[in-house]
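Have a look at the structure below before the remarks.
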Amino acid sequence: NQQVNAVLQLAQGIAAAADSLAQKDGSYNNSDVTSANIQALLPNNTMTTPWGTPTVFNKIDGNSYSVTFEMMPEQVCIQAR
């Protein structure tokens, strides 16, 4: 499924961008780790899901973050697990 592949690529891109931005001090809490900065590092500068909804990036603490793909279609969710 194209949507499954695309959302997995988006997740990998977000993880790579967040890790890259966190490198200067080894923490996701640094001021460089923002949704806008992550988006700027992604292909096409977008965090929109393949089905047209926003992707939400939230810092939890210096060691972790969450990524939420809004309104993921059930079939994509099942296949992406």
Side-chain angles (χ1 to χ4, degrees):
N1 183 316
Q2 289 180 336
Q3 287 186 333
V4 173
N5 291 335
V7 78
L8 292 175
Q9 288 175 343
L10 178 57
Q12 290 171 338
I14 290 169
D19 288 349
S20 176
L21 293 167
Q23 281 185 352
K24 85 174 182 184
D25 65 1
S27 172
Y28 295 118
N29 274 341
N30 83 53
S31 61
D32 292 339
V33 184
T34 65
S35 291
N37 288 343
I38 289 169
Q39 181 171 319
L41 295 174
L42 296 176
N44 303 319
N45 293 324
T46 186
M47 287 177 54
T48 301
T49 65
W51 48 93
T53 61
T55 300
V56 179
F57 175 87
N58 287 305
K59 295 184 220 182
I60 296 173
D61 58 35
N63 297 315
S64 59
Y65 57 86
S66 68
V67 176
T68 304
F69 301 105
E70 299 286 330
M71 300 176 62
M72 182 181 286
E74 181 179 4
Q75 199 57 32
V76 174
C77 184
I78 290 168
Q79 292 178 21
R81 291 195 264 190

Going by salt bridge (Lys or Arg N to Asp or Glu O under 4.0 Å), name the pairs with one or both residues in residues 17-34, residues two or more places apart or in two chains. Lys24-Asp32
Holding to side-chain contact (heavy atoms from CB on, under 4.5 Å), I want the full list of residues that pass it with Leu8, two or more places apart in sequence or in another chain. Val4, Ala80
Which pairs, with at least one residue in residues 67-81 and sequence neighbours excluded, count as a side chain to side chain donor-acceptor pair (under 3.5 Å)? none
Just list the side-chain donor-acceptor pairs under 3.5 Å for residues 58-65, sequence neighbours left out, or say none.
| residue | atom | partner | partner atom | Å |
| --- | --- | --- | --- | --- |
| Lys59 | NZ | Asn30 | O | 3.1 |
| Lys59 | NZ | Val33 | O | 2.9 |
| Asp61 | OD1 | Asn63 | N | 2.7 |
| Asp61 | OD1 | Ser64 | N | 2.9 |
| Asp61 | OD1 | Ser64 | OG | 3.1 |

Side chain to side chain donor-acceptor pair (under 3.5 Å) contacts in which one or both residues fall within residues 34-44, not counting sequence neighbours: Thr34-Asn37
Tell me, please, which residues at least two apart from Ser66 pass side chain to side chain donor-acceptor pair (under 3.5 Å). none
Return each pair, listed once, that meets side chain to side chain donor-acceptor pair (under 3.5 Å) where at least one residue sits in residues 2-17; pairs must be two or more places apart or across chains. none
Does any non-hydrogen side-chain atom of Trp51 lie less than 4.5 Å from one of Val7? yes
Determine the minimum heavy-atom distance between Tyr28 and Ala18, stating which atoms define it. CE2-O, 3.7 Å
With Thr46 via side chain to side chain donor-acceptor pair (under 3.5 Å) - residues at least two apart: Thr48
Heavy-atom pair of closest approach, residues Ile38 and Ala17: CG2-CB, 3.9 Å
ILVMFWY cluster, Met47 and Leu41 together (side-chain gap under 4.5 Å): yes
Contacts of Thr55 meeting side chain to side chain donor-acceptor pair (under 3.5 Å) (sequence neighbours excluded), chain-then-number -> none
